[in-house]
Structures are given as C-alpha cells and as structure tokens.
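One structure is given below, encoded as structure tokens.
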Amino acid sequence: MQKVIALNEFIIQQQQTDYPAAGGNFSRLLHHIGIAAKKVNREVNKAGLIDILGKAGTENVQGEEQQKLDIYANETFMAELQASGECCGIASEENEDLTTFHEGLCSTAKYIVCMDPLDGSSNIDVNVSVGTIFSIYRRKSPIGTPATREDFLQKGTDMVAAGYVIYGSSTVLVYTAGNGVNGFTLDPSIGEFCLSHPNIKTPRSGKIYSINEGYYEKFPMGVKKYIKYCQEKDTATNRPYTSRYIGSLVADFHRNMLKGGLFIYPPTDSHPNGKLRLLYECNPIAFIAEQAGGAAFSDSRRTLDLQPETIHQRVPFYVGSPEMVSKLQEFLKAAKDI
Ligand code: AHM
Ligand code: MG
C-alpha cells in the first residue's frame with residue numbers, strides 16, 4: 001500500500017530537517033489552520049442543505065456584501081488561530097481593524113497572520129470553488145505586548161509562510177514555508193489533508209490567460225494589447241491562448257500554477273489601484289508563485305518588494321508563469337503604463 005503522508009506529519013518532518021532547533025510553535029499554528037480549513041470545508045460542502053447560503057445582510061469594511069459563509073469562515077479561522085496559542089494578531093479581509101491577542105495562552109505568541117477567510121465568496125451560491133488565503137509573519141514588537149500596525153505592514157519578503165485552501169471538486173491545502181510548495185488533498189474518509197502535490201513547479205510558460213474581460217474598455221493600453229497578442233494565431237508561440245476566468249482568485253491561480261498561465265487584475269475604473277488586496281490576497285499568492293518558479297508583479301514592482309501602507313491596501317496584480325509575466329510587462333512598458 002502506498003504510504004500516505006498527512007499534513008501534520010509532513011510539517012513535523014519538515015521542521016526536523018529544515019529547522020531542527022525549532023520548538024514546534026510554527027507547526028502548531030499550521031495544524032490549527034488545517035483544523036479551521038476542515039471546519040470551513042464541512043460548511044461549504046453542505047451549503048444548500050442548511051441555512052448558510054446567501055447574503056448575511058451586512059457589509060465588510062470595503063463596502064462589499066458579506067455572505068453568511070464569509071462570516072462563518074472568518075469566525076472559525078480567528079477562533080482556531082487564537083486557540084493555537086501561537087498567533088498574536090490577525091488582519092482579515094472581513095475585519096476593519098486588527099485583532100490582537102497577548103494574554104493567557106497567547107502571551108508568548110510570536111506570529112501574526114493576514115487572511116482572506118473566504119475569497120471569491122460571491123460565487124458560493126452557484127457551487128463555484130472558493131478559497132481561504134493566509135500569510136504568516138514573525139512579529140517585530142516585543143512578545144507579550146499587543147501586536148502593532150508595524151507588525152502587519154511588513155514587506156512580503158519578510159513572510160515566513162503562506163498558503164491557500166481551495167474548496168472545490170476536492171479540497172486542497174497548498175502552502176510554502178519558503179522551501180518549495182506542497183499541496184495536500186483532503187481525504188474525507190479519514191478527515192486528513194494528505195500530500196498529493198509534492199514540490200509543485202509551475203511551467204515557465206503556458207497557454208492560459210485569466211482576466212475579467214468585461215472591463216476591457218477601461219484596461220490600461222498595454223493590457224489591451226497583451227490580450228490581443230494572446231488571441232492572435234502564431235504556431236511558434238502556441239497562440240492563440242485559452243481564456244479561463246472563474247472570478248475566484250484561488251481557483252484561477254491554482255489552475256494556472258499547475259498548467260501554466262497568467263492571471264491579471266489590472267487597474268480599472270471602479271478599482272483604480274486594482275481590486276485585490278496586498279496583505280492577504282496578493283502577497284501570499286505571490287510568495288507561493290515565486291516558490292513554484294513563477295513570478296508576481298504589481299505594475300513594474302515585484303509584489304513582494306512593496307512596502308504596505310495600509311492593512312486593506314489594493315494593488316494591480318499580474319501572477320503566473322515567468323515568461324508570460326515578462327511578456328505582459330513588455331507590453332505595459334511599450335504602452336508607457338509602467
Ligand atoms: P472577494 O475577496 O470579495 O471575494 O474578491 C476577490 C475576488 C477574487 O477572488 C477574484 O479574483 C476577483 O475578486 C474577481 O473580481 P471581478 O468579479 O471584478 O472579476
Ligand atoms: Mg478576497
């Protein structure tokens with residue numbers, strides 16, 4: 001029988017080989033993220049059977065309508081992170097302010113977490129895949145004191161780990177701790193995330209471009225020209241490419257990372273700085289992309305090099321196969337967009 005490696009076992013093994021002196025704090029944090037993911041998965045899977053689908057009748061800090069599952073996922077991840085005793089603060093898409101823990105179990109916690117508990121949740125009512133995105137940083141302020149804004153406004157290059165969970169036809173948890181990317185599929189029969197995608201590497205180029213073309217008229221000229229380039233026939237470069245856009249970042253990125261492709265969310269009329277949030281959407285995805293051999297840019301800058309200014313800051317985002325990212329940048333430069 002093939003040996004199954006469960007997420008917890010994998011984390012402990014990695015800790016022993018990569019960080020033999022570590023005390024297990026980080027492993028415990030990831031373990032609790034896994035528990036929260038299983039709880040959210042359970043609710044996402046029975047959506048439709050119980051009264052958890054649909055709008056909650058409230059808005060989040062960005063004026064976006066909250067779905068009931070957004071609130072459930074937020075509360076579940078917050079509770080598990082606190083219960084781990086390893087998290088001293090959380091920035092969440094669903095919370096206007098930071099949440100900090102510095103007493104009791106969390107008095108020695110050294111990690112802060114930025115998260116989008118349920119990304120793409122406007123798709124949930126129609127059974128489209130949604131996801132959780134998270135990033136983990138070491139706090140800069142002294143342990144035992146309330147975490148500060150500066151603890152959260154760290155550059156992506158300071159990230160300790162990042163991951164996402166995709167609740168799709170199967171549920172997959174993908175994470176990196178800066179030493180490659182690994183994916184674990186939830187086996188519902190034993191309730192464990194099992195290693196299914198070891199050492200993920202993205203193709204250097206691909207045939208998929210992902211962008212909401214409904215906003216075409218308002219895109220920067222370089223993006224418009226790049227889309228036309230994707231659509232032109234040229235056998236030498238495998239064009240025309242295929243357009244695939246789910247409208248759920250985790251699902252779009254996951255597909256492109258495995259198959260080769262480019263995800264683009266440029267500035268638009270309604271979102272002049274781009275729609276996606278730097279701290280808990282772009283940076284974790286950028287870290288995973290780079291660890292898989294891909295690239296991630298926000299206009300001319302490497303996303304991970306940006307200095308965050310606010311918790312809910314939005315940036316343009318181009319992520320995927322490295323040769324496709326470079327090609328898009330050529331078009332942006334030629335059109336003087338960047
Ligand atoms: P959300 O965090 O409110 O769910 O919004 C983020 C989502 C991403 O998953 C997706 O890439 C994007 O919004 C889709 O936006 P649009 O509908 O403008 O194409
Ligand atoms: Mg989101």
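Order of listing sets the numbers, starting from 1, for every ligand and every atom in it. Numbering starts at 1 and runs along the sequence shown. Below, all heavy atoms of this structure are taken into account, side chains as well, without hydrogens, waters or symmetry copies.
In summary, the aromatic rings of Tyr280 and His312 are positioned with their centroids under 6.0 Å apart. A ring-centre distance under 6.0 Å is found for His254 and Tyr164.
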Exercise for the section: Start with the C-alpha distance between Ile227 and Gln231, add both sets of side-chain angles, then the distance that settles side chain to side chain contact (heavy atoms under 4.5 Å, CB included), and finish with yes or no. Expected result: CA-CA 6 Å; Ile227 292 174; Gln231 295 168 345; 3.5 Å; yes
Exercise for the section: Output, in order, the C-alpha distance, side-chain angles, deciding distance and verdict of side chain to side chain contact (heavy atoms under 4.5 Å, CB included) for Asp119 and Thr132. Expected result: CA-CA 6 Å; Asp119 185 61; Thr132 298; over 6 Å; no
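Per residue Asp119, closest N, O or S atom to the Mg ion (ligand 2): atom name OD1. In terms of distance to the Mg ion (ligand 2), the nearest N, O or S atom of Asp116 is named OD2. The Mg ion (ligand 2) sits nearest to atom OE2 when only the N, O or S atoms of Glu281 are considered. No other N/O/S atom of Glu93 lies as close to the Mg ion (ligand 2) as OE1 does.
In summary, the atoms of ligand 1 found under 4.0 Å from a heavy atom of Leu249, numbered by their order in the structure, are 8 (C), 9 (O), 10 (C), 11 (O). Applying the 4.0 Å criterion to heavy atoms of Ser121 picks out, from ligand 1, the atoms 4 (O). Set against the non-hydrogen atoms of Ser248, the atoms of ligand 1 under 4.0 Å away are 9 (O). Every atom of ligand 1 with a heavy atom of Asn212 under 4.0 Å away is listed here by number and element: 16 (P), 17 (O), 18 (O), 19 (O). Less than 4.0 angstrom separates some heavy atom of Glu281 from each of these atoms of ligand 1: 2 (O), 6 (C). Within the listing of ligand 1, atoms 2 (O) sit less than 4.0 angstrom from a heavy atom of Asp116. Against a heavy-atom cut-off of under 4.0 Å, Tyr215 is close to the following atoms of ligand 1: 16 (P), 18 (O). Taking every heavy atom of Phe263 and a limit of under 4.0 angstrom, the matching atoms of ligand 1 come to 11 (O).
Using a 3.5 Å distance cut-off with no hydrogens or angles, the side chains of Thr237 and Arg239 do pair a donor with an acceptor.
Remark: among candidates Lys275, His271, Glu93, Glu213, the nearest residue to atom 12 (C) of ligand 1 is Lys275, based on non-hydrogen atoms.
Residue Met324 is grouped with residue Tyr229 when hydrophobic side chains (ILVMFWY) are merged at heavy-atom distances under 4.5 angstrom, including chains of intermediate members.
Listed for the Ser196 side chain is a donor-acceptor partner under 3.5 Å among the backbone atoms of Thr185. Looking at Ser321, its side chain does come within 3.5 Å of a backbone N or O of Pro203 through a donor-acceptor pair.
Some N or O of Tyr265 is nearer than 3.5 Å to an N or O of ligand 1, by distance alone. Among the atoms of Val250, none of the N or O lies under 3.5 angstrom from an N or O of ligand 1.
In this pair, Tyr265 and Phe263 present their aromatic rings tilted. The plane angle is within the 30 to 60° band.
A cation-pi arrangement is not found for Lys327 relative to Tyr226, the charged atom failing to lie both closer than 6.0 Å to the ring centre and inside a 45° cone about the ring normal.
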